[in-house]
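Since the structure comes first, as structure tokens, the remarks are kept for the end.
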Amino acid sequence: MPAKKSASRKSTPKLRAVPARSKATSPVAGAPEPATVAQLISFAAERFAHAELWFGHGTDNAVDEAAELVFFAAGLRHDEAEEVYGQTLKAAQRTKALGLIERRIRERVPAAYLTHRMWFAGHEFYVDDRVLVPRSPIAELIQARFRPWIDPGKVRRILDIGTGSGCIAIASALEFPKAKVDAADLSPEALTVTRKNIERHAVQERVRAVKSDVFDGLKGERYDVIVSNPPYVGDEELAGLPEEYRREPAMGLHGGRDGLDIVHRIIDQAAAHLQPHGILIVEVGNTEDVLVEARPRMPFTWLEFERGGGGVFLLTREQLVAKS
């Protein structure tokens with residue numbers, strides 16, 4: 001996993017919002033009947049463009065968003081795409097797809113809240129509007145087993161702060177079958193979703209959902225890896241978010257005036273909860289520059305990702321202790 005020490009790089013924001021163009025129109029008028037998979041995807045993408053939707057919850061364009069809704073409605077797998085584009089949808093499949101397309105336009109909700117699914121680190125998770133839609137570049141780190149920053153063979157305990165759907169915690173448990181993982185969140189509603197995904201992936205013996213305000217519910221616990229995608233949206237940015245992002249729980253987005261209230265608490269308290277040679281990994285998205293300005297002497301390692309994304313820093317326990 002490449003990294004660079006310079007703090008001047010501007011990160012790719014997690015809240016990447018991609019606008020479509022032109023004016024809204026009815027999502028059903030003019031729908032092809034009968035319709036192949038490809039025809040209905042094209043129809044939906046055109047309507048999404050006219051409706052001026054915003055994207056950034058797993059897809060960044062109208063075609064991919066339309067494909068997810070059509071494939072879900074038809075009960076198809078995305079890895080079957082090339083073989084099924086020409087397949088004619090049954091009447092019930094077409095009706096279900098058109099209903100989802102209409103809701104996506106009318107309600108301005110991310111597609112993941114309509115399908116109740118999103119993929120993260122190669123695994124499918126249940127999601128609804130009690131949690132953020134998973135989209136963190138930290139997935140790439142998990143799949144790399146946090147190499148080269150720590151020896152994977154020595155990882156026995158992992159903590160995910162602000163777990164939401166539990167995707168980071170559960171994906172980590174699946175990559176580290178000998179590790180125990182704590183999935184911490186302050187929201188009881190979010191933890192209900194976490195537990196649903198823990199059961200879905202059959203990791204109940206190793207993943208624990210814990211109600212905790214950062215470290216407050218984890219007294220005396222120590223970990224080899226602490227990872228977090230905490231709230232980091234500031235007041236000004238929150239006020240200007242598109243409607244799709246307003247469908248997500250504000251508690252999972254808003255990090256105070258400058259977005260860094262929770263991030264500072266994590267940095268200040270993490271050393272006491274890390275094993276020697278343990279590591280802290282935190283996503284701060286487009287508040288990277290603000291954090292560097294606030295803590296100019298902190299030796300952040302800013303990670304770079306082959307699949308895109310940024311604004312993720314790494315600190316070792318030893319670095320945290322030295323700067324405390």
Side-chain angles (χ1 to χ4, degrees), residues 4 6-19 53-58 60 108-110 112-113 127 129-139 141 160-165 167-168 184-187 189-190 212-216 226-270 280-305 308-315 320 323:
K4 65 185 197 178
S6 170
S8 63
R9 177 176 57 81
K10 198 172 186 69
S11 70
T12 302
K14 179 177 75 171
L15 298 180
R16 183 186 181 197
V18 184
L53 300 186
W54 290 72
F55 308 105
H57 295 86
D60 62 5
R108 301 289 168 136
V109 295
Y113 289 161
V127 295
D129 60 7
R130 292 173 290 183
V131 298
L132 299 186
V133 177
R135 52 187 177 271
S136 174
I138 289 173
L141 279 173
D160 173 21
I161 298 174
T163 195
S165 65
C167 62
I168 288 175
D185 207 295
L186 182 58
S187 166
E189 293 80 11
S212 181
D213 184 0
V214 187
F215 294 104
D216 288 354
I226 297 174
V227 60
S228 181
N229 180 9
Y232 59 69
V233 179
D235 290 347
E236 184 177 352
E237 184 180 7
L238 188 71
L241 288 178
E243 191 169 353
E244 279 83 349
Y245 292 99
R246 295 180 180 277
R247 299 297 184 182
E248 295 187 290
M251 184 178 180
L253 295 172
H254 188 218
R257 182 185 59 80
D258 64 359
L260 293 175
D261 288 0
I262 306 300
V263 175
H264 285 309
R265 290 178 61 196
I266 292 172
I267 292 173
D268 290 339
Q269 300 173 34
L280 170 68
I281 298 167
V282 181
E283 177 176 342
V284 297
N286 48 337
T287 58
E288 175 184 330
D289 292 343
V290 180
L291 178 60
V292 170
E293 184 177 348
R295 293 180 179 256
R297 299 183 62 188
M298 187 65 70
F300 296 110
T301 295
W302 293 98
L303 305 180
E304 296 180 340
F305 299 89
V312 178
F313 71 77
L314 182 146
L315 291 166
L320 289 163
K323 292 300 178 182

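- In terms of heavy atoms, P137 sits closest to V312 at CG-CG2, 4.0 Å.
- Taken to the nearest 0.5 Å, the CD1 atom of I138 stands 7.0 Å off from the CD1 atom of I281.
- Side-chain contact between L238 and Y245 is absent, with no heavy-atom pair separated by less than 4.5 Å.
- Judged by distance alone, with hydrogens and angles left aside, the side-chain atoms of R130 form no donor-acceptor pair with the main-chain N or O of P249 at under 3.5 Å.
- Residue A184 comes nearest to S212 through the heavy atom pair CB-CB, 4.1 Å, listed as atom of the first residue, atom of the second, then distance.
- Between D213 atom CG and L186 atom CG the span is 5.0 Å, to the nearest 0.5 Å.
- Taking 4.0 Å as the cut-off between side-chain N and carboxylate O, D216 and R265 count as a salt-bridged pair.
- Summarising the geometry of I226 relative to A270, their closest heavy-atom pair is CD1-O, 4.0 Å, with the distance given to 0.1 Å.
- Residues passing the side-chain contact (heavy atoms from CB on, under 4.5 Å) test with I267 are V263, L291, R295, M298, F300, F313, L320, sequence neighbours excluded.
- Here the CZ-NE2 distance, from R135 to H57, works out to 4.0 Å after rounding to the nearest 0.5 Å.
- Nearest heavy atoms, T287 versus D258: CG2-O, 3.9 Å.
- Between G256 and D261 the shortest heavy-atom distance is CA-OD2, 3.4 Å.
- Residues forming a side-chain contact (heavy atoms from CB on, under 4.5 Å) with S187 (at least two apart in sequence, or on another chain): D185, E189, A190, M251.
- For the residue pair K323 and R297, the shortest heavy atom distance occurs at CE-O, 3.1 Å.
- By the ring-ring contact (aromatic ring centres under 6.0 Å, His included) test, Y113 is found to be paired with no residue, residues two or more places apart in sequence or in another chain being considered.
- Residue E248 forms a side chain to side chain contact (heavy atoms under 4.5 Å, CB included) with just one option from L132, V127, L241, and that option is L132.
- With rounding to the nearest 0.5 Å, the separation of CD in E283 from CG in L303 is 10.5 Å.
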